[in-house]
Structures are given as C-alpha cells and as structure tokens.
There are 2 protein chains.
Amino acid sequence: MLVSQSSPYPANADAAASERALLERRARLLGPTYRTFYRNPIHLVRGSGVWLYDAQGRKFLDAYNNVASVGHCHPRVVEALSGQAATLNTHTRYLSEIILDYAEKLLGTVPAHLGHAMFTCTGSEANDLAIRIAQHSSGGTGVIITDFAYHGATIATAQLSPAAVGAKGVPAHHRTVAAPDTFRDHGRAAHDFAGNVAAAIEDMRAKGIKPAALLLDSAFSSDGIFFPDAKVMREAADHVKKAGGIVIADEVQSGFGRLGQGMWGFANYGIEPDIVTMGKPIGDGHPMGAVLVRPQLVASFGSNTGYFNTFGGNPVAAAVGLAVLDVIEGEGLIENARNVGAYTSELLRALQGRHGAVADVRHNGLYFGVELTADGDEAVAATKTSAVVEAMREDGVLISSCGPRGNVLKIRPPLPFARDNAEQLAETLDRALSNW
Amino acid sequence: MLVSQSSPYPANADAAASERALLERRARLLGPTYRTFYRNPIHLVRGSGVWLYDAQGRKFLDAYNNVASVGHCHPRVVEALSGQAATLNTHTRYLSEIILDYAEKLLGTVPAHLGHAMFTCTGSEANDLAIRIAQHSSGGTGVIITDFAYHGATIATAQLSPAAVGAKGVPAHHRTVAAPDTFRDHGRAAHDFAGNVAAAIEDMRAKGIKPAALLLDSAFSSDGIFFPDAKVMREAADHVKKAGGIVIADEVQSGFGRLGQGMWGFANYGIEPDIVTMGKPIGDGHPMGAVLVRPQLVASFGSNTGYFNTFGGNPVAAAVGLAVLDVIEGEGLIENARNVGAYTSELLRALQGRHGAVADVRHNGLYFGVELTADGDEAVAATKTSAVVEAMREDGVLISSCGPRGNVLKIRPPLPFARDNAEQLAETLDRALSNW
C-alpha cells in the first residue's frame with residue numbers, strides 16, 4: 001500500500017496540480033523514506049470521530065487508524081491535553097501526582113503481578129525498553145518472534161521486525177517461528193506454534209545462546225491477524241518461562257479495548273506476561289508508550305543502567321492517558337468494540353458468500369483480517385488485494401493490507417465505530433470486490 | 001543529584017507527611033528506576049516562563065531545564081498545540097502541509113547540504129535513527145564517542161552512553177576518546193582531541209572494524225561542558241570523513257539557540273556534519289525529535305528498512321515545532337542567550353574571585369559549566385558540589401551537576417532568562433558557596 005509516485009486519479013485539474021506540488025515538496029524536504037498510503041494519496045486537513053476530511057472537503061470513513069483509538073480529536077482528550085500543557089509540563093525527576101494517578105489506573109487494568117509502570121514516548125521505545133529489561137534481568141540475549149513480526153523502528157526493535165527489515169535483518173542470536181496461522185493448512189501452524197517455540201529455545205541452547213524473551217503481538221498484526229487457541233499460546237509462554245526467559249506481550253496494536261473482551265489481547269489467552277508493552281492507541285495520537293512490568297525484573301535496572309526518559313510520563317502525557325482511559329470506560333468502547341465488531345464480522349462473512357475471493361474472515365472486537373485468494377496465485381492475490389484497498393479509498397473508506405503475502409485486508413477502525421459505519425464499510429467492500 | 005530516600009528537610013509537618021506519602025506511592029507504582037532530583041524532592045504543580053511552583057506555592061527559579069526552552073508553558077506554544085490537536089492529528093503517510101512548512105523552516109536553519117528532515121518523538125530516537133542511517137550508508141559499525149558521553153536510552157544509544165551505562169557498557173566495536181577538556185591539564189586534552197579520534201579510527205581498522213560515525217554532543221554536556229577550539233573539532237571531523245565515516249552533531253542539549261551565537265552548536269566550530277540530531281528543547285516539552293541529513297545518505301534507507309515513525313512529524317508536532325521556532329525568532333531568544341549569557345558569566349566569574357572552590361567558569365550563551373575543586377580531592381569535591389546543588393534548591397534556585405567527577409555545576413536555564421534572574425542565580429550561588 002506504500003507508494004511514492006504522484007496521483008493517477010486527479011479529482012479535478014486544480015486539485016491534481018496542487019497535490020502534485022505537495023508531493024514534490026514532500027519528496028524534496030522529507031526524502032524517499034516518507035512514503036504515502038494509496039496511489040492517490042490523501043491530503044488531510046481535519047479529523048473527527050471516525051471521519052477524516054481532505055482538502056477538497058471530501059469525507060472518508062476511517063476503518064484503519066487505531067492510533068486515534070477513541071476517535072479523531074476527541075474533545076475530552078484535547079481538553080485534558082490543552083489544560084495540562086498550559087499548567088505544567090516537566091519531567092519525572094520532580095514529584096507529580098498526575099503520573100501516579102495514571103500509573104495506578106493503568107496498572108489496575110492488568111493482573112496484579114505487573115506492579116510497576118514505566119513510561120516512554122512511543123511503542124518502539126516501549127519494546128526497546130522491554131527487551132533491555134528482559135536481557136538485563138534474564139542474562140540472556142536471544143529473543144523469539146514470529147516470521148513476519150513488526151515490533152518497532154529503533155535499531156534493537158527493527159532487528160526484531162522481519163516485516164520491515166526482512167528475515168536477513170534479524171541477527172543470528174534471535175529466532176523466528178511461524179505465526180499461529182489459523183487459516184492456512186487448516187490451522188496446522190497454529191497447532192504447532194508451542195512446539196515451534198520449544199524447538200527455537202532448544203536450537204538457541206545448542207548454539208550457546210541464552211534465551212531472553214518471547215515477544216508476541218497479541219493479534220499477530222503483521223503476520224496476517226490471527227487469534228489462535230488460548231492453549232497453544234499458554235504452552236508457548238510456559239516453554240519460555242521454563243527456559244528462564246521473559247514473556248513480553250506487545251499490545252501496541254491489540255491493546256486498549258480493541259479486541260472487545262477486555263483491555264488487553266494477552267488476557268484472552270489466559271497467559272501471564274512478565275512485561276506488557278503499549279503504544280499507538282494509548283494517547284489518541286499523543287506520543288506515548290508504556291511498559292508494565294513485574295517489579296523484580298527492574299529491582300536493579302535503574303541503578304545499573306541510569307535509565308531515564310525525558311518526555312516519558314510527563315504531566316501532559318499522564319493527563320492525556322487518563323482521559324483516554326476515562327473515555328474508553330465512560331463511552332463503553334470495549335462493549336462497542338465487542339458488539340459492533342460482531343455485527344461487522346457478520347456483514348463481512350455475508351460477503352464471503354457473495355465473493356469467491358474472500359477466503360477467510362478473522363476478527364476479535366474491532367480488529368479484522370479478511371484473507372483474499374486468487375486461485376492459489378499469491379502474486380495475483382497481492383496485486384488484487386492492493387486494488388481493493390485503492391478502490392475503497394476512491395469510494396471513501398480507508399483500510400490497508402498486511403501479511404507476508406500482502407493478501408489480507410487489515411481493518412482496524414477507531415473504537416467509536418457504529419453499526420452504520422460497519423454497513424458503509426461492508427457495502428463499499430462489496431463494490432470493490434465486484435471488480436476482483 | 002539523583003536520590004531515592006525521602007525528604008530530610010520537611011518544610012512543615014503536614015507538607016512533609018504529604019510528600020512522604022507521595023514518595024511511597026511513587027516507589028510502589030513506578031519502581032526504583034524512577035529517581036528524583038534533590039534529597040528534598042520538589043512536588044511541582046505549575047510552571048510559567050523561568051518559574052516553577054511547588055504544591056505549597058513556593059516559587060523556584062529554573063536554571064536547569066532546557067526542555068522548556070522558550071519558557072515553561074509558553075502561551076504561543078500551548079495555543080498551537082491545542083488548536084492543532086483539536087483539528088487533525090494523524091501520521092505522515094497521509095499528506096499534510098504543516099509538516100512541510102515545519103521541515104522547510106527547520107532545514108532553513110542548517111547548511112544547505114542537509115537537505116532532508118526526518119521526525120521522531122525523542123532525542124534518543126533521533127540518535128538511534130542517526131546511528132542506523134550512518135551504519136546503513138557507510139557499511140561500517142564502529143562509532144566514536146567521548147569517555148563520558150550520553151546519547152540516549154534506547155538499547156543502541158545506551159551502548160553509546162558511558163555516562164549512564166559505564167565504560168563496560170560500550171560494546172567492543174565502538175571507541176571512546178577523552179573529551180576536549182579545556183580546563184584540566186591546561187587544555188592538553190582539548191589539544192589532543194583530533195589526534196585521539198584519528199588513533200581510535202586506526203585502532204578500529206587494526207581490529208577489522210569499519211568506522212561508521214563520530215557522534216558528538218556539541219557542548220560535551222555529560223563530559224563536563226566544554227567549548228573547545230574550532231580547529232581541533234574540524235580536524236576530528238575531517239579524520240572521520242576521510243575514513244568513510246559519518247559525522248553526527250548531537251544537538252539534543254546544545255541546540256535551538258542555547259549557545260547564543262546561532263541555532264546550532266556545531267556551527268560555532270565551522271564543521272559540516274552529515275547528520276544533525278535534535279530533541280529536548282525542540283517542542284518546549286512536547287515529545288519530539290528530528291534528524292536532518294544529507295539526502296544521499298537516505299536514498300535507499302527507507303526501501304531497505306521500511307522505516308516509519310507513527311507519531312513522529314504528525315501535524316500536532318509540526319504545529320508545536322513551528323511555534324517554538326517562531327518564539328525563538330520573535331522574542332529574540334538567541335540574542336538574549338548571548339547577552340544574558342555574557343552577563344551571567346561575568347557574575348559567575350566574580351564569584352571565582354570570592355570563592356577558592358570555583359576553579360573554572362565555562363560558557364557559551366546560556367549554557368554554563370562551573371567546575372569546583374577541593375584541594376585536589378575528587379571525592380570531596382563531588383560531595384561538596386552536591387551539597388551546593390541541594391543548598392541552592394533549598395534557597396529557591398534549581399541547577400544540577402555533571403562530569404565524570406561530579407564536580408561541575410550544570411546551569412542551563414530556559415532561554416527567556418533575564419538579567420535579574422542571573423543576579424538571583426549568582427547571589428544564591430554566592431550564599432551556597434559560603435558553606436564550602
């Protein structure tokens with residue numbers, strides 16, 4: 001879905017010229033690292049709830065962005081941000097009550113064994129810190145991830161992100177295992193998952209590498225979005241714990257109520273992670289991340305590493321984080337994710353009956369993976385999946401795709417997504433699939 | 001200056017009990033990694049300009065925090081933050097004008113060879129990205145830093161931060177060199193600096209390590225705050241460039257006008273860095289960082305690494321960054337740093353005549369290092385330096401200390417620091433030194 005060329009679909013001549021100028025200016029100032037979504041990139045100027053508006057006043061249904069988790073520009077969050085930024089915004093080496101109120105509330109959403117909260121500014125920083133704590137406390141180095149995982153953009157987390165850097169970008173002391181794919185091979189990969197983790201630990205040991213951690217995205221977002229049986233997940237976690245490793249639940253994509261059963265994806269599997277990491281949806285767009293951790297893992301961490309994060313957990317971040325938790329609770333967004341998620345899933349499954357391309361619809365709450373196939377030809381399926389995403393964008397609904405084969409539609413709307421939004425999504429997808 | 005015990009100096013019984021409760025709650029929720037400044041930690045509730053206010057309404061002159069670079073809670077910055085957060089706050093894979101306006105303005109402050117701006121959320125992320133780009137583009141791995149450098153809290157930047165992790169925390173492929181100390185040994189270390197960098201490169205080569213980068217804080221903040229001769233700095237940079245390495249100017253502490261001559265510390269030395277990194281003062285407290293880079297270094301970086309930063313450079317960050325640049329320009333803060341910096345330096349030098357403990361006063365603009373000695377006994381000097389910092393806090397002025405020996409007062413106030421603030425600082429320091 002990431003492209004750099006200019007638009008092939010000018011809405012009108014003036015708009016097209018203005019957009020071309022914007023793309024040229026962007027390429028000149030930001031360089032080629034900055035790629036856009038969609039062949040016809042969207043010039044956004046406003047966001048509100050589940051809606052995004054472009055420079056021509058066109059309205060898009062956002063069915064992709066989980067960062068704006070409680071809705072774009074939620075007034076309660078903006079108010080908390082503005083009020084605290086006007087009052088006090090300095091670091092955690094002075095005392096402040098609001099960070100303690102926030103830490104207490106956030107820790108109240110996880111099992112009691114996770115006793116301490118530490119704050120960063122991004123999910124990447126949270127995963128980087130979690131790996132650092134895991135290596136420090138276990139004395140190991142090797143980390144187990146899935147084949148097409150994404151865990152961040154720092155040097156250390158990029159090395160644990162084959163989805164971004166390729167399998168060759170993963171250093172020799174780490175191990176990748178097949179994601180628990182609940183669709184392909186009739187779920188064989190899901191069934192084998194715990195055994196694969198055990199084999200990875202065994203292989204590390206054979207090569208003299210001490211295991212440090214198992215790092216798993218609770219929704220397997222980059223691998224294609226899977227929600228495997230709790231049993232294999234618990235077994236995988238147990239293998240790692242027995243080997244002296246740390247279990248890290250990466251909730252950067254799956255967390256904060258998205259999966260509709262509770263706040264956290266790991267809880268659905270009944271596993272007890274030693275560390276939980278958070279990012280994207282935590283601040284409705286404000287740069288924040290968090291690491292919740294077993295106290296004993298960080299007993300000597302600070303004195304041995306001098307760890308400090310300048311902006312992490314400052315009073316503004318705490319105010320924003322508190323507001324997001326209040327909105328999730330006050331507006332019943334977890335219940336909404338469960339109910340509207342189930343309804344959306346019904347509508348998507350109905351499309352499966354009408355379109356042969358729809359091979360599988362997977363979901364938990366408001367997180368959907370729709371796997372598309374084209375007579376077994378993976379390259380064709382990927383191209384056609386991209387075309388569906390592009391067609392939906394032209395038709396006013398924003399989604400994306402994921403998975404190692406690029407053939408899974410990734411649908412992950414803000415949590416206030418309503419039944420009529422679900423209907424618009426399904427109708428638009430119905431039209432897009434008609435040209436498959 | 002970092003301590004964890006509870007207060008020895010209760011202002012009154014009620015306040016002391018309330019502060020003890022806060023410290024206990026903090027230890028329980030955040031854990032031992034979160035240490036406070038001062039033996040008598042400050043419970044802050046409000047900030048404005050150069051002032052911070054505690055829960056009892058006591059006012060402190062902030063002569064330490066460069067994050068609140070244009071003043072705590074600057075109304076122009078708060079307005080930009082609030083307005084943009086209420087309008088649109090999403091990532092850089094959609095088009096947006098404001099990030100381009102910001103990139104253009106920021107790139108306008110550096111030499112033209114630095115053509116692209118990339119945005120992160122912290123200075124740590126900026127340095128981490130700079131190292132990643134340097135290693136990617138040079139094909140090397142080894143990085144040269146100073147003996148007591150600090151460059152960040154991610155795994156990769158902590159390995160380049162002996163001030164935090166100790167010399168043993170720096171991996172074998174990196175090299176540390178003595179900082180260009182302009183005070184000790186009559187500036188011999190400053191004189192030898194370029195030669196030491198050349199020797200480090202030679203030593204890397206002898207061990208089969210390809211040099212990737214020289215990473216220098218332009219003010220040598222953790223090493224003790226030094227402003228060496230431009231010539232040795234240029235020579236050091238030249239050695240690295242000749243060896244195929246990348247010169248990275250870390251402006252996280254020294255940047256955004258603090259040094260009073262222009263926006264950036266590296267410019268004072270006349271060196272041409274390949275990459276400039278920014279953090280702390282960039283957003284007056286908002287979590288932001290930036291990497292300005294030679295375009296050819298990132299020509300293939302994005303396509304090879306899939307690099308993306310979710311929050312970095314979003315419209316809110318861009319609005320805040322623009323407001324900070326506007327305030328620096330509109331309020332003449334660089335000129336203020338130069339003028340009030342010179343005046344403050346005069347007052348500090350006058351103290352040198354009155355107190356034998358003041359061995360050296362170093363400064364550029366509003367960044368001061370005041371080196372204290374105690375008859376050649378380093379341990380005594382460190383303890384007494386801490387006592388001076390604590391006494392000043394009790395007397396209403398916030399500073400800290402730095403350097404490998406812990407005997408350098410670190411004074412780095414917000415840029416709107418005025419002449420009467422300088423007088424209060426000097427008078428308070430005069431009183432604190434009287435008990436040396």
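Each chain gets a letter, A, B and so on, in the order its sequence line appears, and its residues count up from 1.
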Under 4.5 Å from a heavy atom of chain A, the part of B:Ala117 involved: both
Proximal component of B:Glu79, with respect to chain A [non-hydrogen, under 4.5 Å]: neither
Among the listed options A:Ser82, A:Pro315, A:Gly285, A:Ser161, the residue most often paired with chain B at heavy-atom distances under 4.5 Å: A:Gly285
Options B:Gly47, B:Gly115, B:Pro287, B:Gly31, ranked by heavy-atom pairs under 4.5 Å with chain A, top entry: B:Pro287
A:Asp128 side, atom CG; B:Thr157 side, atom OG1 - distance, nearest 0.5 Å: 7.5 Å
Part of A:Ala153 within contact of chain B (heavy atom distance under 4.5 Å): both
Heavy-atom pair with the smallest gap, counting every atom of B:His116 and A:Ala27: CE1-O, 3.5 Å
4.5 Å side-chain heavy-atom contact, B:Thr310 and A:Thr122: no
Contact summary for B:Thr305 and A:Val165, nearest pair of heavy atoms: O-CG1, 4.0 Å
Contact class of A:Ile98 relative to chain B, heavy atoms under 4.5 angstrom: neither
Considering all heavy atoms, the nearest A:Cys73-B:Ala86 contact: CB-O, 3.7 Å
Within-4.5 Å side-chain heavy-atom neighbours: A:Leu23 and B:Leu95: yes
B:Asp101, part contacting chain A, at a heavy-atom distance under 4.5 Å: both
Most chain B-contacting option - heavy-atom pairs closer than 4.5 Å, from A:Gly306, A:Gly152, A:Ala164: A:Ala164
For A:Arg132 against B:Ala158, the heavy-atom pair lying closest together: NH2-CB, 3.3 Å
Which portion of A:Ala126 sits near chain B, non-hydrogen atoms under 4.5 angstrom: neither
Rounded distance (nearest 0.5 Å) linking atom CZ of A:Phe308 with atom CZ of B:Arg35: 10.5 Å
Chain A interface, residue from B:His72, B:His286, B:His74 that has the most non-hydrogen pairs under 4.5 Å: B:His286
Contacting moiety of B:Ala317, where chain A heavy atoms sit under 4.5 Å: neither
Exercise: do B:Glu125 and A:Ser124 side chains pair donor with acceptor under 3.5 Å: no
Validation row: A:Leu30, B:Leu100 side chains within 4.5 angstrom (heavy atoms): yes
Spacing of A:Thr33 atom OG1 and B:Asn309 atom CG [to the nearest 0.5 Å]: 12.0 Å
Contact check, side chains of B:Arg26 and A:Ser96, non-hydrogen atoms, under 4.5 Å: no
From CZ (A:Arg25) to CD (B:Glu104), nearest 0.5 Å: 4.5 Å
Which portion of B:Asn89 sits near chain A, non-hydrogen atoms under 4.5 angstrom: both
Partner of B:Tyr94 under ring-ring contact (aromatic ring centres under 6.0 Å, His included), chosen from A:Phe37, A:Phe60, A:Tyr64, A:Tyr53: A:Phe37
Which atoms of B:His91 approach chain A - backbone, side chain, both or neither, heavy atom under 4.5 Å: side chain
Atom group of B:Pro295 that falls short of 4.5 Å from chain A, counting heavy atoms: neither
Max heavy-atom pair count under 4.5 Å with chain B, selected residue of A:Leu44, A:Val316, A:Asp284, A:Leu22: A:Leu44
Proximity breakdown for A:Ser300 and chain B, heavy-atom pairs closer than 4.5 Å: neither
Min side-chain heavy-atom separation B:Met288-A:Phe311 under 4.5 Å: no
Residue part contacting chain A, namely of B:Ile131, when any heavy atom lies under 4.5 Å: both
B:Ala163 portion near chain A, given a 4.5 angstrom heavy-atom threshold: neither
Most contacts with chain A, counted as non-hydrogen pairs under 4.5 angstrom, among B:Asn65, B:Thr90, B:Val293: B:Asn65
Interatomic distance, B:Ile155 atom CD1 to A:Ile155 atom CD1 [nearest 0.5 angstrom]: 10.5 Å
Side-chain touch A:Leu88/B:Val45, heavy atoms, less than 4.5 angstrom: no
Contact leader toward chain A among B:Ala55, B:Cys121, B:Ala156, B:Ala103, where contacts are heavy-atom pairs under 4.5 Å: B:Cys121
Chain A contact via B:Leu106 - side chain, backbone, both or neither, heavy atoms under 4.5 Å: neither
Residue among B:Leu129, B:Leu81, B:Thr120 with most heavy-atom pairs under 4.5 Å to chain A: B:Leu81
